[in-house]
Number of protein chains: 2
Amino acid sequence: MVHTSTTATLQPLVTSLSLRDAISAEEVALIEGLARRRRVLRKGEELVSQHSQPVESCLVLSGFTAREVVLADGKRQITALHVPGDFVDLHALLLKIMDHSVVALTDCEAAYVPHRELLRVMACSSHLGRMFWLSTVIDGAIQRAWITSSGRRSASAHLGHLICELYLRLDAARLAEGGRFTFPVAQSELADALGFSLVHVNRTLQDLRATGFVSWKGSVVTILDFEGLAAFSQFDPTYLNLVKLPR
Amino acid sequence: MVHTSTTATLQPLVTSLSLRDAISAEEVALIEGLARRRRVLRKGEELVSQHSQPVESCLVLSGFTAREVVLADGKRQITALHVPGDFVDLHALLLKIMDHSVVALTDCEAAYVPHRELLRVMACSSHLGRMFWLSTVIDGAIQRAWITSSGRRSASAHLGHLICELYLRLDAARLAEGGRFTFPVAQSELADALGFSLVHVNRTLQDLRATGFVSWKGSVVTILDFEGLAAFSQFDPTYLNLVKLPR
DNA sequence: CGCGCAATTGATTGATGTCAATTGGAGTGG
DNA sequence: CCACTCCAATTGACATCAATCAATTGCGCG
């Protein structure tokens, strides 16, 4: 069952953009003036389907989502994790055809904004246009970091790097506190994000716990020593662009 | 020794953009009207340095380049390969700080366009602005494909997938002919792109040759059976967006 | 011919996947 | 409250894959 309504504040998007550059009151008004529909999705539902040709782009308001590709032999790869405030398929505005799908890892809410509306707002504010562009470009930077982890980091550093990344992104979205955040995702899904087998995720998690940098109980992740974990995982937060600059 | 001059046609860029959407005569004029400086780089030189804050973006006119990250322990990961016509650090227009460097894998020529010039042209043509955005978003799609290869494909399928991708990209740039292209890159560099050890690249290449899909002698790569290689590597070219569509 | 670099090979170690079983915890019906 | 069920987490044993170390070969060039 899909719930749809028109009431939804786009505050998470404003918050996310404001982390990277000042967003004026006029720009906030433009954003809040975007026509959109709201959907509530349950864990496992697709927000956007592979091969579809979206005419609207999808913004996550709450919950965790992932981009995933399923190969012919049934193997699955998650190529990105998204947190509230992320415009998960903004790139569909230009790509036209989705080469992957976006799924809900937890129950979540999303706002769908017609491409026509995005173009209208970008015509009013080229700065907002650049901020939208920026958000797709940050997604790309995160993907490069994943490629690096996958190719050249040990299994525990790969996982540790992901934990550091998630923590900073969630903290920026005010969804983390004191090194702790909730990440209600099964180890099998983590496996698909890391490119590991399920068993290997489990053992890597145990290795990481043994270092004392991280505690992970149920869906609560606690970073006990961020500096230590970051050094161990060779994590450099520059690529997240959590810096307010004129763009 | 760095050679610099101001004469350089940006035709490779026009060709690349024209693959994805019609580019009008006016738009071509706008592109050719971009102020820029030209540099000739030798194999191994850096086009753009990690941690730098570019005020111009770099377009490859000829030769192969790569984005690379070097970790503290000396391990290297190549996160993207670029072919002539690619705007390799267009994203620096928004990211401001480079989280990786771009290096020349072969001797090559590049044009550097000041960000101010890009903003000027985008103000004249919002369509060109979207085409620039598109090119960064295609880079992102390629990166997702790399993540998928790295995480969920066998070593030979990973390499096979990369060969299919390079072939189509080079073919689109008119740098391939009859399944054959020149790729003067050492196995050690291929290793850094695939996230393999050098020895493993060598053996994977032998496996792939044994399938009969590919011949790779010196720097000449010949795809003997594209359909077979694509099926074997689960290669679906959709993500390359080599389709002319209104964007 | 001999140098130097890239490609190749062999042997071994270590990391990771697979298969199969067991444990643990939350929810459910009796 | 207890037994039962289901699913996720965990463990053990083993097979494979891939990294490492250490030669050796092949080739272009002075």
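Bear in mind that the values here come from a model prediction, so they are computed numbers and not experimental data. In the text below, chain A, chain B and the rest are named by the order of the sequence lines, each starting its count at 1.
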Between B/R153 and A/V185, whichever has its closest DNA chain D nucleotide further toward 5' is A/V185
note: B/L205, atom CG; D/dA18, atom P; distance rounded to Å ~ 15 Å
A/W216 atom CH2 is separated from D/dT10 atom P, nearest whole Å, by 11 Å
B/A155 has its side chain closest, among D/dA18, D/dT20, C/dT18, to D/dA18
Only one of A/T79, A/D89, A/D139 passes side chain to side chain donor-acceptor pair (under 3.5 Å) with A/R67, and that residue is A/D139
Rounded to whole Å, NE2 of B/H158 lies from P of D/dC17 at a distance of 17 Å
Winner on side-chain proximity to A/Q206, out of D/dT10, C/dG10, D/dA8, is D/dT10
In whole angstroms, the gap separating P of C/dG17 from CG of A/N202 amounts to 13 Å
Atom CG of A/L198 and atom P of D/dA9 are separated, to the nearest Å, by 8 Å
Looking only at C/dA7, D/dC21, D/dG12, the nucleotide nearest the B/V199 side chain is D/dC21
From CD of B/Q187 across to P of C/dA7 the rounded distance in Å is 4 Å
With the side chain defined as heavy atoms from C-beta on, B/H200 is closest, among C/dC19, C/dA7, D/dA18, to D/dA18
Under a 4.5 Å cut-off applied to non-hydrogen side-chain atoms, are A/K75 and B/R153 in contact? no
task: If the plane angle is over 60° it's perpendicular, under 30° parallel, otherwise tilted; pick one for B/Y239 and B/H161.
output: parallel
Do A/L71 and B/R152 come close enough that some side-chain heavy atom pair is under 4.5 Å?
yes
If the plane angle is over 60° it's perpendicular, under 30° parallel, otherwise tilted; pick one for B/F183 and B/F64.
-> perpendicular
From CG of A/D207 across to C1' of D/dT11 the rounded distance in Å is 14 Å
Ranking C/dG17, D/dA19, D/dG12 by distance to the side chain of A/R203, first place goes to D/dG12
Of A/R209 and A/R152, the one whose nearest nucleotide on DNA chain D sits closer to the 5' end is A/R209
Rounded to whole Å, CG of B/L190 lies from P of C/dT8 at a distance of 12 Å
